[in-house]
Amino acid sequence: MGMKRERISKQRIIEAFVSESFTRGAEGTSLSDIAAALGIKKSSLYNHYPNREAIVSDALSYCGGLLCARIPLWLEEARAHSGDFLFAFARALFADFGSGQLVEAVSLVESEKFFDDVAFSVSSRFKVGMVGVLFPVLGARAEGFVGALCLMLDDYVSAGKMMARRGCGIEVSEEKLRALINGFSR
């Protein structure tokens, strides 16, 4: 008997695109790459999407939902922490990014935000969402703190890509997080 094939869905296609984009870049990821990752023929993708651009658009929207859904969880974890709220929030954010899926999502969104309106919107929504939850703690400094967090996250994603190619993980040190937070806690 032959192996039973897993059913292909839009969700699986999106996830394959996001994953392939992490190593190849969004522009470098072709329909053939997506099909190969799924173990299907390229023509099978057309049963779900009319073209590559529709996959990219759905993938960016998926990434936005994934990222924005995490913000309340980081907030909840920070509130549950008895110590420094900002440190707990930043630590929760970076601990969560140990999941390859989130690193891949932010990598796709941030690499495309200057070229794609959906990516720009997703990136903005993600940052505005973090500013919204941090504003009660930091006031007007929330925007600067989120900007600094995002710069650190960009470095983390870049280093993560390099480390993933070498087959190992990466962590943000407590020292780096403390240095970032000390600049905004005054």
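Every heavy atom of this structure was used, including side-chain atoms; hydrogens, water molecules and symmetry mates were not. Note that this is a predicted model, so its numbers are computed, not measured.
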Among residues at least two apart in sequence or on other chains, which ones pass side chain to side chain contact (heavy atoms under 4.5 Å, CB included) with [X]?
X: Ala78; value: Phe85, Ala88, Phe89
X: Arg91; value: His81, Phe87, Leu177
X: Val18; value: Ile14, Ala59, Tyr62, Cys63, Glu104, Leu108
X: Ala37; value: Ala16, Glu20

Does some side-chain heavy atom of Leu134 sit less than 4.5 Å from a side-chain heavy atom of Leu86?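 SC-SC contact between Leu86 and Leu134 confirmed.
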To the nearest 0.5 Å, what is the distance between [atom1] ([X]) and [atom2] ([Y])?
X: Ile34; Y: Arg12; atom1: CD1; atom2: CZ; value: 12.5 Å
X: Ile13; Y: Leu38; atom1: CD1; atom2: CG; value: 6.5 Å
X: Leu66; Y: Gln101; atom1: CG; atom2: CD; value: 4.5 Å
X: Leu149; Y: Trp74; atom1: CG; atom2: CH2; value: 9.0 Å

Could you list the residues that satisfy side chain to side chain donor-acceptor pair (under 3.5 Å) with [X], not counting sequence neighbours?
X: Arg79; answer: none
X: Asp33; answer: Ser30
X: Ser123; answer: Glu110, Lys127
X: Gln11; answer: Glu15

Between the side chain of Ser44 and the main-chain N/O of Ile40, is any donor-acceptor distance below 3.5 Å?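 Here the side-chain-to-backbone pair does not exist.
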Counterpart residues, salt bridge (Lys or Arg N to Asp or Glu O under 4.0 Å), relative to Arg178 (two or more places apart):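 Counting only residues at least two positions away or on another chain, Arg178 forms a salt bridge (Lys or Arg N to Asp or Glu O under 4.0 Å) with Asp84, Glu174.
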If you look only at pairs with a residue in residues 126-153, which of them pass as a ring-ring contact (aromatic ring centres under 6.0 Å, His included), with sequence neighbours excluded?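 Applying ring-ring contact (aromatic ring centres under 6.0 Å, His included) to every pair that reaches into residues 126-153, excluding sequence neighbours, yields Phe145-Phe184.
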Would you list the pairs meeting side chain to side chain donor-acceptor pair (under 3.5 Å) in which at least one residue belongs to residues 49-59, sequence neighbours left out?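 Counting only pairs at least two positions apart or across chains, the side chain to side chain donor-acceptor pair (under 3.5 Å) contacts touching residues 49-59 are Tyr49-Asp58.
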